[in-house]
There are 2 protein chains.
Amino acid sequence: MLTDRQLFILQAIVDDYIHSAEPVGSRNLSKRRGVSYSPATLRNEMADLEDMGYLEKPHSSSGRIPSEQGYRHYVDHLLLPHRLSKKEIQDMQALFAGRVTEAEEVVKQSATILSELTSYASIVLGPEIFQSKLKQVQIIPLNENAAVAILVTDTGHVENHTVSLPKSLNSSDLEKIANILNERLEGVPLYQLHNKIMNEVAGLLKQHVNSFHDALEFTEETLQKSKQEKVFYGGKTNLLSQPEFKDVDKIRMIFELLEEDHTIHELLKPNQRGLTIRIGQENANEAFEDCSIISATYSFNGNPVGTIGIVGPTRMEYPRVIGLIEHLSKDLSIALTNLYTKRS
Amino acid sequence: MLTDRQLFILQAIVDDYIHSAEPVGSRNLSKRRGVSYSPATLRNEMADLEDMGYLEKPHSSSGRIPSEQGYRHYVDHLLLPHRLSKKEIQDMQALFAGRVTEAEEVVKQSATILSELTSYASIVLGPEIFQSKLKQVQIIPLNENAAVAILVTDTGHVENHTVSLPKSLNSSDLEKIANILNERLEGVPLYQLHNKIMNEVAGLLKQHVNSFHDALEFTEETLQKSKQEKVFYGGKTNLLSQPEFKDVDKIRMIFELLEEDHTIHELLKPNQRGLTIRIGQENANEAFEDCSIISATYSFNGNPVGTIGIVGPTRMEYPRVIGLIEHLSKDLSIALTNLYTKRS
DNA sequence: TGTTAGCACTCATTGCTTTCGAGTGCTAAA
DNA sequence: TTTAGCACTCGAAAGCAATGAGTGCTAACA
């Protein structure tokens, strides 16, 4: 077990290294305000901390840097709550000051703000819209082969895609189908659409439309949701300013990974609620071995529907980033939930 | 004026440097197949070419590299038409093989393909939709304060945004407004909407809706087009593999510029028709001083509506990139125009 | 007169030393 | 238990010679 003094020293070293990016030596550490031990004492303690795996040396005669275990212990036990500055809070609240009408838009802007405030890169997932409810369906024929299907949800989200138009359906059929869908499906959560179609709509279609098979297929296609994996990035370029990524190969691996939306989504998708911190190898991905990712879920009407996260070097300003993410994820959840419950 | 031999040598040097990224020396050049001059002769000619500004030396005893003027001359006078490979052509055509129903989607995918085929970064602008015609307007109230406005164009493009709902308009007013708009504005090109509203719609509104002033403002807001500057990027990460950008600061400047959509749009917006090649300083932007940009407009029903472009180092594979861009811009124009004219 | 061989020269790159200094571990004294 | 002292380590920076690909120039050659 670590003594109080060891904890204090570990904390001091991590704090120092986070800001300097330079290995911390005993001499400098002892000069730090608040530290009243001599270099020699510190050396002894630092050697012990290294033996226990909390610190490491880049080479045998250099200062110490925190190991991943060191960061982990710092994050788990030594973190002082960080006071956000006025400006930080204002910048975040400015997001919600305007009329919040579209969830996805706000979420995208969150990514931007977050990367600007942290000068790391941000990743934002979602919001997953399958919980929101269908408000209206529009089918707009474009030519004899294709139509645009538009789904509007109660959260103001609009999805659209083109659907192919079976020859067997004429425009009066389309109108009927649209009417049936709007009548039967308004207020139905998106994830239940498929069931509802099979159980209720199919029967009505059979009753009112001639070529039932085509009509059913067309209906299914019309109500297809866009792929769920919405991944937005902000401030990737910020990473280029970090000294640990001055090597182009390293940053290339990171950037290549950040283009794989699917992998990123898997990595960050909202499984557990609340804040997650992954340090270095904990990310289980070679490209991220020198990165830490801090992420938090945000929720919509009480259910987690997305994630906001920050990618930076393992030497990350944990206290501040955690403060920002916690604050923003809360604000975001409130804003989205307001948006949701205010609907008629 | 350059002699034939000088032209030949210039071409050989540019070709060589483009592929090796190493300064070209007389000795190696003379060993090149097809070159039958001795190193000494080449040295004389190279010195002359340098005096005339077509070549330069990184330092006094190194081989030559093309100057910007050298690239310019190469591009203007020495370019051999490049035969695209089967695979390249296939990859591009695969874009249009499927059902092409939405212009913007195809255009985005063009950016991806282009960056994959070239291993440079691609920039794609547009398509500017203001020429397309309004097909239908939908106004869907979300709550007492806001509604979603949806515009569908004859090209299958769907725009949507939220609009605030004046208290003075009730749902029957909204229905009336939507009816008037659809009746009067179908088939009207988007850029004429404003005029049409003022000239024709305003009168009808006054006639049918009580609070005329609110209604007019609401209508204007409803038909607001999204901002015209659509800029898509592909394969930025490719640039990290180029030896000229192994310096993080250089690449950071480029990436920062590539985040300024507005500047990029200004730089590439379709002014003149056809192919444009900007080499190094011709881009008039410090971040691009080591980059060349090759771009071509694509058109929609005969009018240029967008641009596809490639950003790479000045040492770019000009012949191949030009071949690809020309081919793709033509295909794209045809595909879009087909899409357009096939509409009912 | 245009081409080429020869040669001295240049300069980035590489590898090797040296120096410097911040840092360490260890021992012994306080 | 803490600290002063000291020898030691090792990366970074500086200096230096060797290497070699390249040049410009001159003189010989066809």
Side-chain angles (χ1 to χ4, degrees), chain A residues 1-10 12-17 19-32 34-67 70 243-244 246-247 315, chain B residues 1-10 12-17 19-32 34-67 70 243-244 246-247 315:
Chain A
M1 203 43 220
L2 294 179
T3 65
D4 280 356
R5 190 167 71 180
Q6 285 171 329
L7 288 175
F8 175 79
I9 292 171
L10 175 59
I13 290 175
V14 175
D15 281 338
D16 205 312
Y17 183 64
H19 291 102
S20 71
E22 297 290 328
V24 183
S26 58
R27 184 175 195 69
N28 274 321
L29 189 59
S30 118
K31 276 185 277 185
R32 216 180 114 114
V35 178
S36 53
Y37 312 107
S38 76
T41 308
L42 292 172
R43 278 204 290 281
N44 288 331
E45 295 288 28
M46 286 158 85
D48 289 348
L49 283 168
E50 185 180 354
D51 287 343
M52 290 185 282
Y54 294 101
L55 297 178
E56 48 194 39
K57 284 187 288 191
H59 53 88
S60 76
S61 73
S62 76
R64 305 301 208 290
I65 62 176
S67 66
E244 25 272 283
K246 66 182 190 308
D247 176 26
R315 182 190 61 79
Chain B
M1 203 41 220
L2 294 179
T3 64
D4 280 357
R5 189 166 73 180
Q6 285 171 330
L7 289 175
F8 174 80
I9 292 171
L10 176 58
I13 291 175
V14 175
D15 281 339
D16 205 313
Y17 184 64
H19 290 103
S20 72
E22 297 290 327
V24 183
S26 56
R27 185 178 194 68
N28 274 321
L29 190 59
S30 121
K31 277 185 275 185
R32 218 180 113 113
V35 177
S36 52
Y37 313 106
S38 76
T41 307
L42 291 172
R43 277 203 291 281
N44 288 331
E45 295 287 29
M46 285 158 84
D48 290 348
L49 284 168
E50 186 181 353
D51 287 344
M52 289 186 283
Y54 294 100
L55 297 178
E56 48 194 39
K57 284 187 290 193
H59 54 88
S60 75
S61 73
S62 77
R64 305 300 207 290
I65 62 175
S67 66
E244 26 272 282
K246 66 182 190 308
D247 175 25
R315 182 190 62 78

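Predicted model only: the values in this text are computed from it and were never measured.
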Practice problem: Give, for atom CZ of B:Arg64 and atom CG of B:Leu10, the distance between the pair rounded to the nearest 0.5 Å. | Solution: 12.5 Å

Practice problem: Nearest whole angstrom, please: distance from the P of D:dA21 to the CG of B:Leu29. | Solution: 16 Å

Quiz item: What nucleotide among D:dT2, C:dT3, C:dT10 has an atom nearest to a side-chain atom of B:Ser61?
Solution: C:dT10

Self-check item: Distance in Å, B:Ser20 OG paired with B:Arg315 CZ, rounded so as to fall on 0.5 Å steps
Solution: 7.5 Å

Practice problem: Assign B:Ser60 to base, sugar-phosphate, or nothing according to its heavy-atom contacts below 4.0 angstrom with the strands shown. | Solution: sugar-phosphate

Exercise. Would you mind telling me which residue lines up with the more 5' stretch of DNA chain C, B:Asn44 or A:Ala47, judged by nearest nucleotide?
Key: B:Asn44

Quiz prompt | Atom-pair distance (CD on B:Glu22; P on C:dA12), nearest Å | solution = 15 Å

Quiz item: Which whole-number value in Å describes the distance from A:Arg27 CZ to D:dC6 C1'?
Solution: 13 Å

Quiz item: Considering only heavy atoms and no angle criterion, is a donor-acceptor pair shorter than 3.5 Å present between the side chain of A:Arg64 and the base of C:dG25?
Solution: no

Exercise. Output yes when at least one side-chain N/O atom of A:Ser26 is less than 4.0 Å from OP1 or OP2 of C:dT24, else no.
Key: yes

Exercise. Write down the distance between CZ (B:Arg43) and P (C:dT10), rounded to a whole number of angstrom.
Key: 16 Å

Practice problem: Measure the distance from NZ on B:Lys57 to P on C:dT10 and round it to the nearest whole Å. | Solution: 12 Å

Quiz item: To the nearest angstrom, how far is A:His59 atom NE2 from C:dT24 atom P?
Solution: 10 Å

Quiz item: Quick one: B:Met46 CE to D:dG24 P, roughly how many Å, whole number?
Solution: 8 Å

Quiz item: To the nearest 0.5 Å, what is the distance between CD1 (A:Ile13) and CG (A:Leu55)?
Solution: 4.5 Å

Quiz prompt | Atom pair distance, as rounded to whole Å: CG in B:Leu42 and P in C:dG6 | solution = 17 Å

Quiz item: To the nearest 0.5 Å, what is the distance between CZ (A:Arg5) and OH (A:Tyr37)?
Solution: 5.5 Å

